[in-house]
Amino acid sequence: PPQQALGTVYYYISAEDAFGNEAWNPANYTNHSALYSVQVVDGVGPVILHDPVSDEDVYGEIGIWAVVTDAVQLQAVHLNYKPVGAAVFTSVQMLQDPNGTADTFTHTIPAQDHIGQVQYNITAEDGSGNVNSTPFLTIQILDVIAPLINYVTPTLLENETIVLVTANVTDNVGVETVTLYFKAVGGDQWVARQMEHVSGDIYEYTIPAQRRSGTIYYYVNTTDSSGNAASTLTAQEQFQVEVVGVSEDFTLYYVLGAV
């Protein structure tokens, strides 16, 4: 029958005829050293069940888990991974999941701070030195978070004749563009102008003085380096600046507000 442990099985063969004559092979079977023997060995490696991780957001930790079993004795389970931009693999021992079964092993790859690829595989070894491993797998590190337009503030300049629009824009990876869209007084077309990055998270553009009384409408769009976009138009509709009068020297004055 199948053996439940590694070691040595000893045996001999005996035969008896109808007249009670007996024979043994080996003949001196009572001598233990003369018995036939079979070594019971473990020639089968561990079994690894793993659901590959295909992608993760930049700055997000990457949880890796696997169910690993062995017919005799599991020795160790390792995760081998190469971070974004790295030249060599890092090998760490996976530990049993305290919230899972005894066969579930986990490790968390630290959050990556760059977009790119993380490569990894899982290896397992049993007490007899048998090794099994998964293929090398790739995790795409993506930027899926849109920029944040934290605030947009209009400020009157030069005796209230022009309006400086200031936007505070942040992104977890990097802001690519910040664009001011506005309709001039009496206009029906949106005019797009790139806002200037003046410092830190601050972007500015100055709407020039208008030629007549009326209302200027405007909003701000932004994109990050991965193409994710945000807009104040969808968040709070468009802002407005109302031109309420013209001075004796034909300078226009503005009242600030929001639609």
Side-chain angles (χ1 to χ4, degrees), residues 54-62 84-85 111-118 139-259:
S54 61
D55 58 75
E56 181 56 68
D57 189 31
V58 65
Y59 296 111
E61 294 183 334
I62 309 169
V84 173
Q112 305 295 294
D113 57 6
H114 291 85
I115 297 170
Q117 294 181 339
V118 172
I139 304 171
Q140 299 292 335
I141 304 302
L142 308 173
D143 175 18
V144 297
I145 299 177
L148 291 176
I149 304 174
N150 300 297
Y151 63 79
V152 177
T153 303
T155 304
L156 297 173
L157 299 177
E158 297 183 12
N159 195 29
E160 301 185 351
T161 61
I162 61 177
V163 177
L164 172 67
V165 179
T166 302
N168 181 288
V169 183
T170 56
D171 187 72
N172 64 329
V173 176
V175 175
E176 185 76 11
T177 64
V178 180
T179 306
L180 176 70
Y181 291 83
F182 68 92
K183 286 182 180 179
V185 172
D188 58 2
Q189 299 292 323
W190 289 107
V191 178
R193 292 290 184 267
Q194 292 298 311
M195 301 185 73
E196 180 184 0
H197 182 207
V198 293
S199 66
D201 303 323
I202 303 302
Y203 297 78
E204 293 180 347
Y205 182 79
T206 300
I207 299 177
Q210 304 294 291
R211 296 181 180 273
R212 55 178 170 168
S213 300
T215 301
I216 299 173
Y217 295 96
Y218 67 97
Y219 64 94
V220 173
N221 279 4
T222 181
T223 61
D224 64 17
S225 54
S226 297
N228 301 303
S231 174
T232 60
L233 186 63
T234 57
Q236 52 194 347
E237 298 305 327
Q238 58 210 4
F239 299 99
Q240 70 175 18
V241 179
E242 184 180 357
V243 181
V244 295
V246 181
S247 68
E248 293 181 357
D249 59 357
F250 300 102
T251 299
L252 302 182
Y253 291 84
Y254 302 93
V255 173
L256 305 180
V259 176

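None of these values were measured; they are calculated from a predicted model.
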(request) Pick out which of Asn221, Thr232, Leu233 makes a side chain to side chain contact (heavy atoms under 4.5 Å, CB included) with Tyr181. (result) Asn221
(message) Once rounded to the nearest 0.5 Å, what's the spacing between atom CD of Glu204 and atom OG1 of Thr153?
(response) 10.5 Å
(message) Tell me the closest heavy-atom pair linking Val152 and Val220, and the distance in Å.
(response) CG2-CG2, 3.9 Å
(request) Look up atom CD1 in Ile207 and atom NZ in Lys183, then write down how far apart they are to the nearest 0.5 Å. (result) 13.5 Å
(message) Would you call the rings of Tyr219 and Trp190 parallel, tilted or perpendicular, taking 30° and 60° as the class edges?
(response) perpendicular
Show me the donor-acceptor pairs, under 3.5 Å and distance only, between side chains in residues 166-175 and residues at least two apart or in other chains.
residue : atom : partner : partner atom : Å
Asn168  : OD1  : Asn150  : ND2          : 2.6
Thr170  : OG1  : Asn150  : ND2          : 3.2
Asp171  : OD2  : Val173  : N            : 2.9
Asp171  : OD2  : Gly174  : N            : 2.9

(message) Testing the basics here: between Pro147 and Ala230, what is the closest heavy-atom pair and its distance to 0.1 Å?
(response) O-CB, 3.4 Å
(request) From the options Leu180, Val178, Thr177, select the one residue that forms a side chain to side chain contact (heavy atoms under 4.5 Å, CB included) with Gln194. (result) Thr177
(message) Less than 4.5 Å apart, side chain to side chain, heavy atoms only: is that true for Ile115 and Ser226?
(response) yes
(message) Within this structure, what is the CG-CD1 distance for the pair Asp57 and Ile62, rounded to the nearest 0.5 Å?
(response) 10.0 Å
(message) Give me the atom names and distance for the closest heavy-atom approach of Ala192 to Thr179.
(response) CB-CG2, 4.0 Å
(message) Rounded to the nearest 0.5 Å, what separates atom OH in Tyr59 from atom CD1 in Ile145?
(response) 10.5 Å
(request) First locate atom CD of Gln140, then atom CD of Glu56, and finally report the distance between them rounded to the nearest 0.5 Å. (result) 12.5 Å
(message) Within a 6.0 Å radius of atom NE2 on His114, are there more than 12 heavy atoms belonging to other residues, nucleotides or ligands?
(response) no
(message) Once rounded to the nearest 0.5 Å, what's the spacing between atom CD of Gln112 and atom CD of Gln117?
(response) 11.5 Å
(request) Find out whether Ile216 and Val163 are in side-chain contact, i.e. whether some heavy atom of one side chain is under 4.5 Å from a heavy atom of the other. (result) no
(message) Within the structure provided, determine whether Pro154 and Leu164 are in side-chain contact (heavy-atom separation under 4.5 Å).
(response) no
